[in-house]
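Protein chains get the first letters and strands the later ones, always in sequence-line order, with residue 1 at the start of each.
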Number of protein chains: 2
Amino acid sequence: MTDSVATTARASARAEMTQRIKQAAREHLAVDGANLSLRAVARDLGVVSSAVYRYFASRDELLTALILDGYASLGDAAERAEAAVPRRDLAGRWIALGRGVRDWALANPHEYALLYGSPVPGYAAPQDTVGPASRPVLVMVEIMRDAVAAGVPIPAGPRLPRAVRADLERLQDDPAFSGVPPAMFARGMTAWAQLFGALSFELFGRLTNAIEAYEAYFDYQLRAMAAYLGL
Amino acid sequence: MTDSVATTARASARAEMTQRIKQAAREHLAVDGANLSLRAVARDLGVVSSAVYRYFASRDELLTALILDGYASLGDAAERAEAAVPRRDLAGRWIALGRGVRDWALANPHEYALLYGSPVPGYAAPQDTVGPASRPVLVMVEIMRDAVAAGVPIPAGPRLPRAVRADLERLQDDPAFSGVPPAMFARGMTAWAQLFGALSFELFGRLTNAIEAYEAYFDYQLRAMAAYLGL
DNA sequence: CTAAATCGAGAGCGGTGCTCTTGACACGCT
DNA sequence: AGCGTGTCAAGAGCACCGCTCTCGATTTAG
């Protein structure tokens, strides 16, 4: 359990096997989606199916591990992309964030579908996925917070419904979300939905025969949303 | 084949059984999602599984039928909702369209997931789904066309990339999409992605713990996008 | 009235997730 | 150094799946 300085051979073998199973499962994700076959990944590893159950108690648990890895991977990519832009360039940071998310999604389309597609039928995401899942959105919150702190004016728009304003003010109690006034937060969530809507359309093949210049159009949308956010 | 005036008993029985299978499959969709069990629907109908194959050659074919029905149902709902608003009220028509889509999605969440969620792993949508699938978007195209015809100015925004402009100009060759200049079409597709992004977030449970006033927030977003479209 | 078409039932194939038991092996402690 | 303990992969087995094929019963059409 407690892996001291000298990791035992058994423990390291277990860690390595766990990684090998996840890697094989990731490859099967491309073909079978969320209903991948445990037996198939076992076959790939030259191992009998029941052996896999030593490492993951069920198919759902393996899926959860893949989801957690996916969120971590996307979170890394999003943070890295955004961090490469000077702090003062707010619009540039937003665009870099959006591009980072898209690049990751294009590189890992099946993981993207797992994270942001329709929920897996019998599967309920355990509570420990909400933390990693919010990492990308926290990057955007940071941009909005910096924009507000820099005195960037929030564009005029439709009046925020009272109930929504209450929700967003309640959200301010969480320090991770504080410092962003409701009017700005509402716009941010709208832009966020736009980003993932556009991404889902592209990745799920919902705009074939319409747009071929995917990347250029995605960039255009990012710029449009930057303007919408007042960045 | 040619069902003349007097439909044979067999033909009507076949039509009825086809409907019963689809209905049972729709109910299973709620539990098992896209990987529903043909055997289970057969059990529900008190029939052996092989009998279902008399009506649908494969599980995929049954899924295709459900998808087609779904698009038709959504198309009806979208057209009906939008048609209830006076032609001159462009923003109202857009908002009614968005609400209509949402109402349908809330009433048929599993069909929504089937149509707009992650693609079913081994399943490739046959070509005859593209027509019905475009019905809702055609409603929005009609609104944009009317807006342009009425002389509504297209708001200023980021420059449209050349490749995107070319795509959208090529799209004009299709009479269904003509009459909408690229700058407007680009905004329309952005708003469309926003709409379905917001809907997917709500239906796939991606904004729990943030917003409780779903409907009010959705309406707010529709108004924001109406402004974005210049309606 | 008869031949053809259609129907549901049933058996059967290879696959699935998952459980349980068995024997071999590596570990940590004395 | 040796021994008990815990972990390991393997294999058999259960119930379910999609799908195919055959067979007798029934309805249709000529």
Taking atom [atom2] of [N] as reference, at what distance in whole Å does atom [atom1] of [X] sit?
X: A:Leu38; N: C:dG17; atom1: CG; atom2: P; answer: 5 Å
X: A:Asn35; N: C:dG17; atom1: CG; atom2: P; answer: 9 Å
X: A:Asp32; N: C:dG17; atom1: CG; atom2: C1'; answer: 14 Å
X: B:Glu16; N: C:dG8; atom1: CD; atom2: P; answer: 12 Å
X: B:His28; N: D:dG18; atom1: NE2; atom2: C1'; answer: 15 Å

**Study point:** Parallel, tilted or perpendicular: ring planes of A:Tyr116 versus A:Tyr71, cut at 30 and 60 degrees
**Key:**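 Perpendicular: the ring planes of A:Tyr116 and A:Tyr71 meet at over 60°.
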- Task: Look at the aromatic rings of A:Phe196 and A:Trp192 and report parallel, tilted or perpendicular, splitting at 30° and 60°.
- Result: tilted
* Pair B:Arg26-B:Gln23, side-chain donor/acceptor within less than 3.5 Å -> yes
d(A:Ile211 CD1, B:Phe185 CZ) to nearest 0.5 Å is 8.5 Å
From the list [options], which nucleotide is the closest neighbour of the side chain of [X]?
X: B:Ser37; options: D:dC17, C:dC7, C:dG10; result: D:dC17
X: A:Tyr53; options: C:dC7, C:dG17, D:dC19; result: C:dG17
X: B:Arg54; options: D:dC23, D:dC19, C:dG17; result: D:dC23

What nucleic acid atoms does [X] come within less than 4.0 Å of, heavy atoms only: base, sugar-phosphate, or nothing?
X: A:Arg59; value: sugar-phosphate
X: A:Phe56; value: nothing
X: A:Ser58; value: sugar-phosphate
X: A:Val47; value: sugar-phosphate

Closest non-hydrogen atoms of B:Lys22 and B:Ala65, given as atom of the first, atom of the second and distance, are CD-CB, 3.9 Å
Check your understanding: Does OP1 or OP2 of C:dT6 have a side-chain N or O of B:Arg14 closer than 4.0 Å?
Key -> no
*For B:Tyr55 and C:dT6, is the shortest distance between a side-chain N/O and OP1 or OP2 below 4.0 Å?*
no
Neighbour count >12 (heavy atoms, 6.0 Å) for atom CD, B:Glu79
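Yes.
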Per the atom types in the model, does the base of C:dA9 pair as donor or acceptor with the side chain of B:Ser50 at under 3.5 Å?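 Yes, a donor-acceptor pair under 3.5 Å.
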Positions of residues 39-46 of chain A (non-hydrogen atom under 4.0 Å from DNA chain D), listed by number: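 Hits under 4.0 Å, by residue number: A:Arg39.
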Between A:Arg102 and A:Glu202, does any NZ, NE, NH1 or NH2 come within less than 4.0 Å of an OD or OE carboxylate oxygen?
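The answer is yes: the pair qualifies as a salt bridge.
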